[in-house]
S.K.: 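Below you'll find the structure I mean.
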There are 2 protein chains.
Amino acid sequence: MGTDDMAKARQDGAGSEAARRRLQMADIARLAGVSTATVSRALNNSPLVNAETRGRILELAASLKYSINIGAQNLRLKQNRTIGVLIPYDRKTHLRLTDPFLLAMLGSVADALTEQGFDMLFSRLPTDRLGEAAATPFDTGRVGGIILVGQWGRHHELNELAARKVPMVVWGAHLPQQLYCCVGSDNVGGGMLATEHLIAQGRRRIAFFGDIDLPEPAQRYRGYCAALARHGIAVDPALQVSSPFLPSGGREAVETMQARGVDYDAVFACSDLLAMTAIDSLRAHGRRVPEDVAVVGYDDIEQSAYFHPRLTTVRQPIGAAGSALVASLLALIDGKPAPAVELPTELVVRASAGEAQGS
Amino acid sequence: MGTDDMAKARQDGAGSEAARRRLQMADIARLAGVSTATVSRALNNSPLVNAETRGRILELAASLKYSINIGAQNLRLKQNRTIGVLIPYDRKTHLRLTDPFLLAMLGSVADALTEQGFDMLFSRLPTDRLGEAAATPFDTGRVGGIILVGQWGRHHELNELAARKVPMVVWGAHLPQQLYCCVGSDNVGGGMLATEHLIAQGRRRIAFFGDIDLPEPAQRYRGYCAALARHGIAVDPALQVSSPFLPSGGREAVETMQARGVDYDAVFACSDLLAMTAIDSLRAHGRRVPEDVAVVGYDDIEQSAYFHPRLTTVRQPIGAAGSALVASLLALIDGKPAPAVELPTELVVRASAGEAQGS
DNA sequence: ATGAAAGCGCTAACAT
DNA sequence: ATGTTAGCGCTTTCAT
């Protein structure tokens with residue numbers, strides 16, 4: 001008992017100096033006058049324990065607020081009901097997690113994991129270390145699998161992780177030679193919906209705000225070009241601005257267009273954030289939305305519904321996204337095939353472009 | 001070796017059927033021709049290993065992408081560098097995590113934890129189970145401490161957790177007889193700032209949108225009343241609407257005022273979300289902001305800067321909030337005293353109430 | 001129905 | 001400088 005007590009007295013690190021020693025199974029066993037094996041069985045509802053014994057143990061544990069140490073249990077069981085969720089950030093631009101779409105995705109994934117009884121380990125990671133560090137939570141055994149929100153131009157490195165059999169699902173665009181399981185929405189279709197709508201509104205000079213070096217905006221741009229082509233409108237490169245997904249993006253894009261001196265009567269922005277900040281900037285330049293410039297956003301984040309003017313946008317099913325990501329990952333972890341999922345996109349017509357001029 | 005292999009072959013639960021067996025220290029030791037103790041020392045930069053040996057081991061581990069199993073390490077070290085972050089939800093109202101302020105707080109805490117080298121275990125919890133379940137991640141040994149965003153009217157239960165020595169820091173209002181460590185901002189001061197500003201704009205019929213049954217709005221209301229009193233303006237209960245922090249809150253508050261038939265020339269809303277949705281609704285009722293009704297929000301979430309009209313609001317230092325919460329919690333875990341922290345609030349004057357009528 | 005004992009992957013005395 | 005060994009808190013054979 002001597003060494004035992006000494007070990008228990010040793011308190012350390014990011015540990016437990018404040019709280020007194022955590023209760024453990026041996027304590028419950030001693031107090032209940034049984035072995036730890038019986039306590040374990042009782043707590044895990046094994047049919048091998050006498051009902052009376054089980055009742056006594058459960059009561060004791062509850063009154064003492066004892067819970068099984070999950071770390072030890074996981075170690076013994078070689079299981080892990082925690083999922084790592086990664087939202088990378090671009091070192092060059094901003095460190096703060098403020099993008100409403102990403103935040104909404106985070107909420108959606110959190111809700112889906114909660115529903116499935118999984119915990120969520122949330123990490124941020126600089127994009128330039130994605131390849132080397134994305135798998136760390138898995139390699140260290142902290143999580144059973146990883147959900148990565150966004151590809152961040154690291155397609156190749158993600159493929160390497162998949163080749164290493166890291167259980168991982170990525171939110172992003174479907175790409176050729178994609179080894180990792182990818183869940184995303186129909187970007188080409190979304191781009192077409194937005195552009196077709198603007199054309200139907202009589203717009204012909206439609207600016208495109210979005211970084212076409214990234215897979216998702218690139219596919220939306222393809223949809224945009226396809227819609228223009230269908231109506232015999234030439235694609236004008238001067239109408240495309242490679243805006244990053246940042247609050248400053250919309251303003252900068254409008255300034256860029258101003259500097260180019262190119263005329264335009266509509267904007268298709270690759271996120272609602274870009275659309276909103278662009279509208280704010282257009283207004284500052286004295287251009288009315290939608291009268292002078294019609295604007296269509298992308299995502300349909302909640303704020304779009306009460307922005308002024310209410311935002312016409314391409315809806316990504318954010319709620320369904322979380323469920324789909326989680327479902328695919330759990331399948332992967334289970335050793336089942338997890339094919340790519342493409343969720344539908346849908347045009348939501350509001351005042352910033354379209355009939356509903358009410359707001 | 002026989003049993004060993006059998007054990008290794010056993011694959012289970014939310015486990016690892018897909019991936020092949022995870023590498024472990026014993027593998028590295030065997031391949032490097034040393035004992036696991038030496039590998040452990042090398043990987044932990046102990047000065048007790050020969051430089052050459054260490055180099056060989058590190059290289060081997062890196063090339064094999066081996067990382068120490070944190071669960072096992074934690075078990076052995078009785079430490080835990082994971083912090084639980086809880087954002088509760090109200091069962092009656094909404095399940096989805098979409099509140100931009102909460103999301104921003106989450107981002108802020110995540111960034112602060114990352115900076116301190118801690119991982120974040122994120123959970124949602126229904127408010128009606130806060131008392132019983134908030135400590136679960138700690139009781140199960142998953143986390144070394146807990147950050148709870150919001151008090152959610154569970155002051156008493158939170159005190160019980162604190163009495164149980166659960167290392168926990170709560171974002172919220174400072175209350176009398178507060179046993180738990182509380183980090184919040186100056187709500188009374190914030191309420192005064194907002195109201196004083198509206199009075200200075202010549203407004204006299206200032207509506208207050210916020211649920212004064214909750215601690216933070218209650219304190220802001222006290223500031224509001226104090227400012228009115230200082231200017232000899234009577235507090236009119238008909239001007240107060242108990243709006244919940246929901247996207248529907250602003251609209252409902254405006255409808256309520258409409259139904260009451262009470263006249264008002266200003267609104268002080270307890271969150272930017274309420275302010276924005278109220279403005280949207282005022283506009284739908286044909287009332288101009290700020291000409292007919294001046295509106296001041298609360299929080300200064302990022303969107304406030306490009307909302308139309310740009311929102312005058314009481315800034316809560318969201319970035320500092322995350323750092324303060326984390327700092328206090330780490331102190332608590334370290335056994336050091338963690339006194340309550342009250343962060344300053346500050347008025348940000350923009351177009352929705354104030355001089356800057358530009359936007 | 002219960003207990004003894006081994007072992008999950010790791011670290012730290014204690015040896016050498 | 002390195003190996004041996006015990007043990008972190010738990011589950012699960014295998015005995016009884």
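Chain naming here is simple, since letters A, B, ... match the order of the sequence lines and numbering starts at 1 in each. Just so you know, these numbers use all the heavy atoms, side chains as well, and skip hydrogens, waters and symmetry mates.
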S.K.: Checking all strands, does A:Asn74 fall into the base, sugar-phosphate, or nothing category for heavy-atom contacts under 4.0 angstrom?
M.R.: nothing
S.K.: Under 4.0 Å, counting only non-hydrogen atoms across every strand here, what does A:Thr38 touch: a base, just sugar-phosphate, or nothing?
M.R.: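 A:Thr38: backbone/sugar contact only, no base atoms under 4.0 Å.
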S.K.: Rounded to whole angstroms, how far apart are CG on B:Leu48 and P on C:dT16?
M.R.: 18 Å
S.K.: Could you walk me through whether B:Arg164 and B:Asp139 pass the side chain to side chain contact (heavy atoms under 4.5 Å, CB included) check?
M.R.: CA-CA 11 Å; B:Arg164 265 180 60 203; B:Asp139 290 334; 2.7 Å; yes
S.K.: Within this structure, what is the CG-to-C1' distance between A:Leu75 and D:dT12, rounded to whole angstrom?
M.R.: 14 Å
S.K.: Can you check the A:Asn80 CG to C:dC8 P distance for me, whole Å?
M.R.: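 So the CG-P distance, A:Asn80 to C:dC8, works out to 18 Å.
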S.K.: Any chance you could lay out the salt bridge (charged side-chain N to carboxylate O under 4.0 Å, His left out) test for A:Glu52 and A:Arg56, step after step, and finish with the verdict?
M.R.: CA-CA 6 Å; A:Glu52 188 270 327; A:Arg56 194 155 40 90; 3.4 Å; yes
S.K.: Listed by chain and number, what are the ring pair (Phe, Tyr, Trp, His ring centres under 6.0 Å) partners of A:Tyr180, not counting sequence neighbours?
M.R.: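 Partners of A:Tyr180 under the ring pair (Phe, Tyr, Trp, His ring centres under 6.0 Å) test: A:His155.
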S.K.: Whether the A:Thr82 and B:Arg142 side chains hold a donor-acceptor pair (N or O, under 3.5 Å, no angle test) is what I'd like checked.
M.R.: yes
S.K.: State which of D:dG3, C:dC8, C:dC10 makes the closest approach to the side chain of B:Val34.
M.R.: D:dG3
S.K.: For the side chain of B:Gln73, counting heavy atoms from C-beta on, which of D:dG9, C:dG3, C:dC10 is nearest?
M.R.: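 Minimum distance to the B:Gln73 side chain belongs to C:dC10.
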S.K.: Between A:Leu325 and A:Met105, is there a side-chain heavy-atom distance shorter than 4.5 Å?
M.R.: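 Touching, per the 4.5 Å side-chain cut-off.
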S.K.: Consider the side chain of B:Arg76, meaning its heavy atoms from C-beta on, and name the nucleotide among C:dC8, C:dT2, D:dG7 that approaches it most closely.
M.R.: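 So the side chain of B:Arg76 is nearest to D:dG7.
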S.K.: I want to check something: taking the side chain as every heavy atom from C-beta on, are A:Leu332 and A:Met168 in contact at a cut-off of under 4.5 Å?
M.R.: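 Not touching, per the 4.5 Å side-chain cut-off.
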S.K.: Between the two end axes of the helix from C:dA1-D:dT16 to C:dT16-D:dA1, each built from 5 base pairs, what angle do you get to the nearest 10°?
M.R.: 40°
S.K.: Which atom names give the shortest non-hydrogen contact between B:Arg91 and B:Thr127, and what distance separates them?
M.R.: N-OG1, 4.5 Å
S.K.: Whole Å only: how far is the CG atom of B:Leu43 from the P atom of D:dT2?
M.R.: 14 Å
S.K.: Looking at D:dG7, I'd like to know if its phosphate oxygens (OP1 or OP2) sit under 4.0 Å from a side-chain N or O belonging to B:Lys78.
M.R.: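 Checking B:Lys78 against D:dG7: no side-chain N or O falls below 4.0 Å of OP1 or OP2.
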S.K.: Taking atom C1' of C:dG7 as reference, at what distance in whole Å does atom CD of B:Gln24 sit?
M.R.: 11 Å
S.K.: Take a 6.0 Å sphere around CD of A:Glu132 and say whether it holds more than 12 heavy atoms from other residues, nucleotides or ligands.
M.R.: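 Correct, the count exceeds 12.
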S.K.: Measure from CG on A:Asn45 to P on D:dT12 and round the result to the nearest Å.
M.R.: 13 Å
S.K.: Using whole Å, report how far CZ of B:Arg142 lies from C1' of D:dC10.
M.R.: 15 Å
S.K.: Looking at DNA chain D, which of residues 51-72 of chain A put a heavy atom within less than 4.0 Å of it?
M.R.: A:Tyr66, A:Ile68, A:Asn69, A:Ala72
S.K.: Are A:Leu106 and A:Ile87 side-chain neighbours, meaning at least one heavy-atom pair lies under 4.5 Å?
M.R.: yes
S.K.: In the structure I gave you, are the side-chain heavy atoms of B:Gln73 and B:Asn44 within less than 4.5 Å of one another anywhere?
M.R.: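 Yes, at least one pair of side-chain atoms sits under 4.5 Å.
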S.K.: A:Arg21 CZ to D:dG9 C1': how many Å, rounded?
M.R.: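 The answer, rounded to whole Å, is 11 Å.
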S.K.: Below 3.5 Å, does any donor atom in the side chain of B:Arg41 face an acceptor in the base of D:dG3, or the other way round?
M.R.: yes
